[in-house]
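Order of listing sets the numbers, starting from 1, for every ligand and every atom in it. Just so it is clear, the structure is predicted and the values come from calculations on it, not from any experiment.
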Amino acid sequence: MTKSSRPNSSRAGARARERAIASCLSARALVRDISYFSTIDSTNKFALALAGGDELHGRLIVADRQTAGRGRFGREWHNQSGKDLLFSLILCPPPPQAFWPLLTLALGVSICQALSERFGLSAELRWPNDVLIGERKVGGILTEVSALTPDRLVIGAGLNVNGSAAALPDELRESATTLKAELGRSLRRGPLLEAILANFEQQYDVFCRHDTERLAESCRRWQGTLGKVVQVELGEQSFAGVAVELTESGGLVVRRESGQTQTLHSGDVIEIKPKP
Ligand code: BTN
């Protein structure tokens, strides 16, 4: 680890957590360096602001608590202090950048695989970045590139792990869940992070070999959005359609009622349920 934590509870406790994370990730070739924080504003913000070049590739930033965690479109990312998995990974992926959105999906796949294989949970993705269990969101991914460092990607993920569902904010109680609520027990975050990164390492390898079709295929398998009737919110635009395909670069193709198709590269996609 390069940077010591700034503990807000006990320094010894923070060091122990730091060591536990490091030992879980020692076998991961992709993770070259770890920064652990007891409290930070946002792991993504920290990662984006780091000065440096290619040597930052593989730097993992993990926090126990975020005071200003952020989601897509500037939304707030809520966390339950000391209970969730909050991390950002810095990557300098090979070009072309048009394919980088696949990496967001690939991290989502890696999370779903870990939840399904380790805990038997039926997790799936809601395009582009939500991890769902049943119909509730348990995690999200935020990928950011700074205009100052366009060759570098920061891919951050937040997972609701050991918090109770009752402690979720009122506005999320219907739509979100936690792993503890789903499993009926707590789980260790270090081995979960290790499992996710082990999966992601494989996906990243496929990406680096430019086998994007294979990667897209594995993303399609975990995509719960495909085949669904959806409402698309895209800036000022809002329309309904059927999510028919995931492209090789991770775009979602939506077919409108008129038969016209549109490939989305961002936006929100909400499933429309048939009326009972
Ligand atoms: C979303 O669902 O909109 C994406 C949420 C991403 C949250 C994670 S938590 C770790 C990393 N740091 C942040 O500030 N955000 C991401």
- Message: Quick test: of every protein heavy atom, which one is nearest to atom 15 (N) of ligand 1, and how far off is it to 0.1 Å?
- Response: Arg70 O, 2.8 Å
- Task: Over 60° means perpendicular and under 30° means parallel, so classify the ring planes of Phe46 and Phe37, tilted if in between.
- Result: perpendicular
- What about Val109 and Leu159, same hydrophobic cluster or not, with Ile/Leu/Val/Met/Phe/Trp/Tyr joined at side-chain heavy-atom distances under 4.5 Å? yes
- Query: Should one rank Leu142, Val154, Asn129 by closest heavy-atom distance to atom 1 (C) of ligand 1, which comes out on top?
  - Reply: Asn129
- Message: I need the nearest protein heavy-atom contact for atom 5 (C) of ligand 1: residue, atom name and distance, please.
- Response: Trp77 CE3, 3.4 Å
- Considering only protein heavy atoms, which is closest to atom 11 (C) of ligand 1, and at what distance to one decimal place? Thr43 OG1, 3.2 Å
- Message: Does only the side chain of Lys45 get under 4.0 Å from ligand 1, or the backbone, or both, or neither? Count heavy atoms.
- Response: neither
- Using a 4.0 Å heavy-atom cut-off, say whether Phe73 meets ligand 1 through its side chain, its backbone, both or neither. neither
- Message: At under 4.0 Å between heavy atoms, is it the side chain or the backbone of Ala63 that contacts ligand 1, or both, or neither?
- Response: neither
- Looking at ligand 1, does Gln66 have a heavy atom less than 4.0 Å from it? yes
- Query: Using a distance-only test with no angle check, is there a side-chain donor-acceptor pair under 3.5 angstrom linking Ser35 and Arg59?
  - Reply: yes
- Query: Which protein heavy atom lies closest to atom 2 (O) of ligand 1, and at what distance to 0.1 Å?
  - Reply: Lys137 NZ, 2.6 Å
- For atom 3 (O) of ligand 1, what is the nearest protein heavy atom, given as residue, atom name and distance? Arg72 N, 2.8 Å
- Item | Atoms in ligand 1 flagged as close to Ile141, the criterion being non-hydrogen separation under 4.0 Å | 4 (C)
